[in-house]
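In what follows, a structure is listed as structure tokens, so that the remarks can point back to it.
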Protein chains: 2
Amino acid sequence: MTSLMKTTFGEYIRHLRTEKDLTLTQLAAKLNLDSANLSKIENGIRDFDEKRLPKLARIFGLNIKDLREEYITDLLGKKIYETNCSKQLLKVAEEKAEYRRIRNKNLQTEKTV
Amino acid sequence: MTSLMKTTFGEYIRHLRTEKDLTLTQLAAKLNLDSANLSKIENGIRDFDEKRLPKLARIFGLNIKDLREEYITDLLGKKIYETNCSKQLLKVAEEKAEYRRIRNKNLQTEKTV
DNA sequence: TATAAATTTGTCAAAAAATGACAAGTCTTA
DNA sequence: TAAGACTTGTCATTTTTTGACAAATTTATA
């Protein structure tokens, strides 16, 4: 994990784009996307589609793993915000994730028996 | 927050249901739901629809706030699990949620100016 | 200021995902 | 072994997401 942005993913894209002096139209074309929709993504009205992450990484020369982390932390951050989830509750959520991990591991071994 | 279950929401429903000796058909009827689909929900194949939480709370005499917490922690737990999000990354996600909270608050005040 | 480019906003059809409904299967148990 | 309980599979319907385009508004610059 490299240093992750404390911004939304849309704002992050805008940051990357303006840094490279690209217009919405230019970047949208590279992403095979409508510029109006890219505008909405940057402004948080629409979500960036996960399937375009590899392309985005290539365009800006970013490590795909890092970018995906940027993406999923935004995704979860948004959910945490939307559900009004406190830190305490988030801890419970993490425990439930752990429960799923263990349960899934057990299912794997059950199959082989 | 009362004690939250370290199980999936589906398993929790099954727990509540069997405890009260209800069949899938009986509970499904109370929830205005197909019993086959309730079965899938309990087995984690489908998701419980949030709009039915109040009904579920009434049926089992549960506090709706607590139940909703049970629900959202399951929701987030599932996402954390699915995205393979580490504790470290989850911390980042929480920071991004905080960023959204602050940003939203600022937007509110901007409007009044 | 005029105008051209850049961005935003609104809308709608198409695609994708979630849900409801039902048939047919398996598993339990009385 | 028959009935009830549960599971699985499928498909039509509904809802949500996405792509596409027109028409704004805003910004930059000649």
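Proteins come first, then strands; the chains are lettered A, B, ... in the order of their sequence lines, and each starts at number 1.
Using a 4.0 Å heavy-atom criterion, one finds that A:Thr23 contacts the sugar-phosphate atoms exclusively.
Rounding to whole angstrom units, CD of residue A:Gln26 and P of C:dA5 are separated by 13 Å. Note: CG (A:Asp21) to C1' (D:dT27) measures 15 Å, nearest angstrom. Distance, A:Leu24 CG to D:dT26 C1': 13 Å, rounded to whole Å. As a whole-Å value, the separation of A:Glu82 CD from D:dT16 C1' is 14 Å. Between the CD1 atom of A:Ile41 and the C1' atom of D:dG19 there is a distance of 11 Å, given to the nearest Å. Protein atom CG of A:Leu38 is 14 Å distant from nucleotide atom C1' of D:dA20, rounded to whole Å. Rounded to a whole Å, the CG atom of B:Leu22 is 11 Å from the P atom of D:dA5. Between A:Ile45 atom CD1 and D:dT16 atom C1' there is a gap of 17 Å when expressed in whole angstrom units.
Taking B:Tyr81 as the reference, nothing meets the ring-ring contact (aromatic ring centres under 6.0 Å, His included) condition, with sequence neighbours excluded.
Shown here for A:Leu16 and A:Phe60, the closest heavy-atom pair between the two residues is O-CE2, 3.3 Å. Here the shortest heavy-atom pairing between B:Glu69 and A:Leu89 reads CG-CD1, 3.7 Å.
Contact annotation: A:Asn43 does not reach the phosphate of C:dT7 (side-chain N/O to OP1 or OP2, under 4.0 Å). The shortest distance between the side-chain N/O atoms of A:Arg17 and the OP1/OP2 oxygens of C:dA6 is not below 4.0 Å.
Using a distance-only test at 3.5 Å, with no hydrogens or angles considered, no donor-acceptor pair links the side chain of A:Glu42 to the main chain of A:Ser39. Under the 3.5 Å distance criterion, the side-chain polar atoms of A:Arg52 are matched with a main-chain donor or acceptor of A:Asn32. With A:Lys105 contributing its side chain and A:Arg100 its backbone, the two residues share no donor-acceptor pair below 3.5 Å. Without hydrogens or angle criteria, B:Asn43 side chain to B:Ile45 main chain gives no donor-acceptor distance under 3.5 Å.
Of the residues in residues 53-62 of chain A, not one comes within less than 4.0 Å of DNA chain C through any heavy atom.
In this model, no donor atom of one side chain and acceptor atom of the other lie less than 3.5 Å apart for B:Glu94 and B:Tyr99.
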Letter per nucleotide, 5' to 3', of nucleotides 14-24 of chain C [B base touched, S only sugar-phosphate touched, - untouched; heavy atoms, 4.0 Å]: -----BBBBB-
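Salt bridge annotation for A:Glu98-B:Lys6: absent, with no cationic side-chain nitrogen under 4.0 angstrom from a carboxylate oxygen.
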